Student: 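First the structure, then my questions, so here it is.
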There are 2 protein chains.
Amino acid sequence: MYKEKGEPAIPLRDAYQHDHKMYVATDCIIFGFDAGNLKLLLFKRRVAPFQGDWSLIGSFVKIDEDVSAAAERVLEEITGLRDVFMEELKTYGAANRDPGFRCISIGQYALIRLNDYDKELVEQHGAVWHDVKELPSLVLDHDQMVQDALKKLKQKARYQPLGFELLPEKFTIPQLQSVYEAIYQKELDSRNFRKKVFSYNVLVKLEEKDKSTSKRGAFLYKFDHNRYKRLTERGYNFEI
Amino acid sequence: MYKEKGEPAIPLRDAYQHDHKMYVATDCIIFGFDAGNLKLLLFKRRVAPFQGDWSLIGSFVKIDEDVSAAAERVLEEITGLRDVFMEELKTYGAANRDPGFRCISIGQYALIRLNDYDKELVEQHGAVWHDVKELPSLVLDHDQMVQDALKKLKQKARYQPLGFELLPEKFTIPQLQSVYEAIYQKELDSRNFRKKVFSYNVLVKLEEKDKSTSKRGAFLYKFDHNRYKRLTERGYNFEI
DNA sequence: ATAATAAATGTATTTTTTACATTTTATAAA
DNA sequence: TTTATAAAATGTAAAAAATACATTTATTAT
């Protein structure tokens, strides 16, 4: 990257034509939530190598494509969804991680609402939702990616309102609690949970009730993004 | 990444020879601490393009080299140091981030002890320590990398004992407080600070004193990595 | 009318965080 | 030897946050 003192400067491009180019891929760790459980969208590979094995959904990054755009493209191709929560997890850069050829992968995790996605599209691509507690083993280092993503989700959910990304726009407090219980893998006290979520004043109570799980029904709420924004701007931090 | 249902599987390698290969670089955001201030090691480029401009220190990742190994190599070449704290920051993957050719970079931030490094080596490479409050502007997206690294350091230092990585093995409590004040950019109350750091029982008090900053002198302490390990294993989390 | 069931709610206790001022120790100067 | 100096070291009370815990309410089906 540098030349010894005194040597004349040479164009960087010439200095580095030692064929260091490699493939750059992105793999998406796509989470959903259903019936009290975190779900992961997996893909049964239809191409060799590893044909028939379970894998995350990914793609090479095109030569003129932003890495983040590649991830968004993959997600849209499979689920039909745009503008969902997606964030970089980590780079998987071991020289020998892919036996075929040198390829690094940038893992990105996404949180989607299980009622929104395009079911036909998902099926067409051989993708299947799996409960995160009962995952098959995956190709390459994808198991590691999933473990890392679960850990990150657990950490990050504490300080950022990620739980809402996994629920429909309208949701009940018991549903919300259930999401956090799935993420933290831990039961929460409903009285303390309510106290906490309400304390930030970022939920809007609706008139409607969801009666699918009880005779009494539970009130529906919406997450108010503006109030949340104001909260963080005032230096407060949401913590759940 | 997939084939339509029913089409025969074809080897992935053939499917993807559309020249998607690109350069992968790694850039190191190297922090140090001196006289109450966070410092950043910058490098005056001796090669075109951007000759003479300030830059982070980086390198291409070699075709048979782990990404993390590339970062360690760069750090050692410039500072002579191995086994220092270094962690991935984030991938910089915009298609047009480098005007010369397609190149993504994986930013990695390192924390080093300012008395340990090899001063001659650093000087040889045209690297200079800068106060983070008075940084020149940097090439490409390196300014963004530094801002991101500072933010991450601030967040991460709360829950992981990173402050110690910036101090010599033996340090005083006022020094430690000063490190955290630099990271958080905020003054801390010395009584509450002591109470907190001592509460975790991860510091070992030595007999020696450091008399460089006062007549009375301040006792030196060591960070006890074993005790810290036990603490985290018991599920407690260090928070400062 | 009654039984059944999940939803909704409040309080007391403990723990953690914050705010705040004085004493101690060693050295250098008088 | 006394005294002045200056950073290091220390404790306590008040406020805020987290935890533990049990009963009542609303609705539907019988």
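All values below come from the heavy atoms of this structure, side chains included, with hydrogens, waters and symmetry mates left out. So that the names make sense, note that chain A is the first sequence line, chain B the second, and so on, each numbered from 1. Note that the coordinates shown come from a computational prediction; the quantities given were computed from them, not determined experimentally.
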Student: If you find the nucleotide of DNA chain C closest to A:Y221 and the one closest to B:S214, which residue's nucleotide is nearer the 5' end?
Tutor: A:Y221

Student: Here's one to test your reading of the geometry: is the NZ or CZ of B:K119 within 45 degrees of the ring axis of B:Y117 and under 6.0 Å from its centre?
Tutor: yes

Student: Would you jot down, in residue-number order, the residues of residues 194-202 of chain B having a non-hydrogen atom under 4.0 Å from DNA chain C?
Tutor: B:K195, B:K196

Student: Using heavy atoms to find the nearest nucleotide of DNA chain D for A:N192 and B:K215 separately, return the residue whose nucleotide is more 5′.
Tutor: B:K215

Student: Can you check whether A:Q144's main-chain N or O pairs, donor with acceptor, with A:D141's side chain at less than 3.5 Å?
Tutor: no

Student: Nearest-Å distance, CZ (B:F219) to P (D:dA9)?
Tutor: 7 Å

Student: May I ask you to verify if any side-chain N or O of A:T213 is less than 4.0 angstrom from the OP1 or OP2 atom of C:dA7?
Tutor: yes

Student: Look at A:K211 and D:dT28 and indicate whether a side-chain polar atom (N or O) is within less than 4.0 Å of OP1 or OP2.
Tutor: yes

Student: Quick check: do A:Y221 and A:K170 have side-chain heavy atoms less than 4.5 Å from each other?
Tutor: no

Student: Is there a side-chain contact between A:K209 and the phosphate of D:dT27, meaning an N or O under 4.0 Å from OP1 or OP2?
Tutor: yes

Student: If we ignore hydrogens and angles and just use 3.5 Å, is the side chain of A:R113 paired with the main-chain N or O of A:F164 as donor and acceptor?
Tutor: yes

Student: Would the base of C:dT24 count as contacting B:R216 through its side chain, where contact means a donor and an acceptor less than 3.5 Å apart?
Tutor: yes

Student: Provide, to the nearest angstrom, the distance between the CZ atom belonging to B:R191 and the C1' atom belonging to D:dA7.
Tutor: 14 Å

Student: Using whole Å, report how far CZ of B:F193 lies from P of D:dA7.
Tutor: 18 Å

Student: Output yes when a side-chain donor or acceptor of B:T79 lies under 3.5 Å from a complementary backbone atom of B:L81, and no otherwise.
Tutor: yes

Student: Which whole-number value in Å describes the distance from A:Q177 CD to C:dA8 P?
Tutor: 11 Å

Student: Rounded to whole Å, how long is the line connecting atom CZ of A:R158 with atom C1' of D:dA18?
Tutor: 11 Å

Student: Roughly how far, to the nearest 0.5 Å, is NZ of A:K152 from CD1 of A:I29?
Tutor: 10.5 Å

